[in-house]
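To find a chain, count down the sequence lines: A is the first, B the second, and so on, and within it residues start at 1.
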Amino acid sequence: MTAVHRWRFFLLAALFPPASVSVQAQDPQRPIVVASKAFAESYLLAEVFAQVLEADGHAVDRRPGLGTTEILMQAIVGGDVDVYPEYTGTGLAAVLGETATGGSIQVFNRVSEEFETRWGLHWLPPLGFENTYAMAMRREAADSLGIRTLSGLAAIAPGLAGGFSPDFIGRADGLDGLAATYGIDFRETRSLLQAVKYQALEEHEVDVIDAYSTDGAISRYDLAVLADDLGFFPPYDAAALLGRTFREERPEAVLVLNRLSGRIGVDAVRRANERIEVDGMPIAEAAAALLAEIGLGTGSPGPELDAGGTGSRGEGAPVLLTLPRYMWDNRGELGRQVTRHLLLVLASLGAAILVALPAGVVLERRRVLAGSALRVAGVLQTIPSIALLAFMIPVLGIGVAPAVAALFLYSLLPILRNTYTGIIEAAPEAVGAGRALGMTEWQLLHRIRLPLAAPVIMAGVRTAAVINVGTATLAAFIGAGGLGDPIVAGLSLTDPVMILSGAVPAAGLALVVDWGLAGAETVIAPRGVAEGRR
Amino acid sequence: MALIRIEGAEKRYGSTVALDGVSLRVEAGDCLGLVGESGSGKTTLLRSINRLTDLDAGRVLVRGESVDTLDPVSLRRSIGYVQQDGGLIPHWTCLANASLVPRLLGRGDATGHGRRSLEAVGLGPDTFADRYPRELSGGQRQRVAIARAIAAGPDILLMDEPFGALDAITRSEAQEAFIALRKSEGVTAVFVTHDLGEAVLVATHIAVMRAGGVALEAPARELADSATGYAAELLEKSGVAL
């Protein structure tokens, strides 16, 4: 697994050199892009970075919850991200594919050296706390089985079910290495998102999960953490990872971030995580509180990183009651997300119409090509959305461009296919008679075939639009924003209300778009045939 | 001078021979009935006259000029054409359909031409002008198709089994209307049908086609005298008494 992982990463890095570096280098005043992975502590640290930068007068572009280690590495190597919080152990095992030899300092020195040589990336000195993986069980289960250590777990693992985040299952420093080191062999291994992992454990769906040692949920659910008695997990010191151009061009900003080094202790982080995960405090506020505690307070938390606006956890009221309230409280942010979502859909759909409509017309005249063209578009359609989005990153960076490109590719097939068949099926006998009476091919196309095919083509556009509204929620994973933002944030914060505050408007939007385009279909249908074709 | 002259027309589709050296003439004012079974080449021959089909060998002269030298689009606009299924443009009204060719030719009063030709096929423009094809009966639709073919006043009319899909009563009405129309407009016509009875009724001359060649050619009235061989078989099949 290690080798495959590393190989894949280098392949991508080698194939797609950073395209946007030169563009960004020309503008020294551009906002600093601060990104994070999609879990609470990463959001928190990125927000901490953002707030200290802003306090010093730097403009910041927040890209929270951008994705997995692989996606963030691609983005920072490509110059699309300037800084994000990373862990030394992750850099060592997941990126370099090496195993730890030595303690925190050795690991830090190792990743510093290698990241610098290979990609020009720079690790600032660690923030001051470690957040390692921890295997956690229900306390009463651990007690009754008498397990305290991972070696102890190995003895009874064949009777237990494990639930782990997909990231952990796939990583070199994750499940495979753990199983090999301790000889752990679970009866069953399930891939569980952060959002459901703790609940699954509490409801006895699984017996062991992976957690972070600074996790607020460990105390919330009163879990037993098993000791890593063979020292499998490398040191995971949190630190700011800096992009090459950022470090070279903005030394004053780097100095500001450097002030955080060694200042954030494990207690402060655990408290902040608890506030976010247990109390539902907005991330911006938790970050401001953390900064205040360590004497770097600014008193002006930026609001944007918390994708859903204010935190949603109330006093345990049912979701259906708190959701409307929550959505109303965040209507401003939600409105912006809906607008952005619609823009993503409209831009990709518009581009797809501009390409697929003429292409469909051309294919009708070159029917030999039609089969293969439709097959290619069909294959594009079958690529899983999240894979296609991730694949766009090395090519187009992060943000709106790769999202629009991916959505564009998804829209091609329905429009292309419907244009092609719509034109072929548009009253061939009338086309024959028109030609026999001296209509030119262009006249046949724009006076007979296109008007008659219009409802069919519109139906294709409608299909593409509805697919796009749904798929665009995934665009949040690559920093494009939209209604996926609260969904992604909610998933990583285990906050169903926040998830629904993105999902419900997205579903509503799909219905509205469908309904609107159905209306357009009726309007565009030529008179005289409308009823006949329905 | 013959208005249409076909000399040694040959056409094959792959290994199938559609036309095997056909020569025919149609004098101005005549109506040639092309009779034959499916695959006899009659429709291919008809379509070669307005260049919907290009010949492999031989040539077609219209008004004394070889059609190969003419622009197909303007050639087609100068010749009326009616096909079996009418081929009316479904999202256009009857009047818009009937006015098509005058409009293509850029004539000033295109709809005036359309109205007059609807009148000529017995469809009162006040009633039918604004109707859509799907609101008409099969017979009415074929009449609109004929109106469309003659609206620009062409001297030649090509008809490909124009009444083939109509029921018996409607069909005989349509035949009568066509005969009357041809007399009043004095148009030269080529009329493809598989029904010899119909051909004898509407045409002045008849060419019976078989396997890509002309098996028999005669004025309609004299056909009874030549009633031998394949023509006799066809005559017998059609059940017509001459």
Region of [X] that comes under 4.5 Å of a non-hydrogen atom in chain A:
X: B/Val101; value: side chain
X: B/Ile79; value: backbone
X: B/Leu104; value: side chain

CG (B/Asp130) with more than 12 external heavy atoms under 6.0 Å: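 Incorrect, the count does not exceed 12.
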
message: More than 12 heavy atoms of other residues, nucleotides or ligands under 6.0 Å from CZ of B/Arg12: yes or no?
response: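 No, because the 6.0 Å sphere around CZ of B/Arg12 holds 12 heavy atoms or fewer from other groups.
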
task: Kindly give the heavy-atom pair with the smallest separation between A/Ala433 and B/Gly86, and that separation in Å.
output: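 Between these two residues, the closest heavy atoms are CB-O, 4.1 Å.
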
- prompt: At their closest point, which heavy atom of A/Ala430 faces which heavy atom of B/Leu88, and how far apart are they?
  reply: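 Result for this residue pair: CB-O, 3.4 Å.
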
- prompt: Taking atom OG1 of A/Thr440 and atom CZ of B/Arg76, what is their separation to the nearest 0.5 Å?
  reply: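 Interatomic distance, A/Thr440 OG1 to B/Arg76 CZ, rounded to 0.5 Å: 10.5 Å.
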
message: Using 0.5 Å steps for rounding, measure from the CD1 atom of B/Ile89 to the CE atom of A/Met439.
response: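 Separation between the atoms: 5.0 Å.
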
- prompt: Who pairs with B/Asp85 by side-chain contact (heavy atoms from CB on, under 4.5 Å), at least two apart in sequence or on another chain?
  reply: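 Partners of B/Asp85 under the side-chain contact (heavy atoms from CB on, under 4.5 Å) test: A/Glu429, B/Gln83.
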
message: List the residues meeting salt bridge (charged side-chain N to carboxylate O under 4.0 Å, His left out) with B/Arg103, not counting sequence neighbours, and say none if there are none.
response: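 With sequence neighbours excluded, B/Arg103 shows a salt bridge (charged side-chain N to carboxylate O under 4.0 Å, His left out) to no residue whatsoever.
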
field: Donor-acceptor contact present, side-chain B/His91 to main-chain A/Ala525, <3.5 Å
entry: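 Here the side-chain-to-backbone pair does not exist.
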
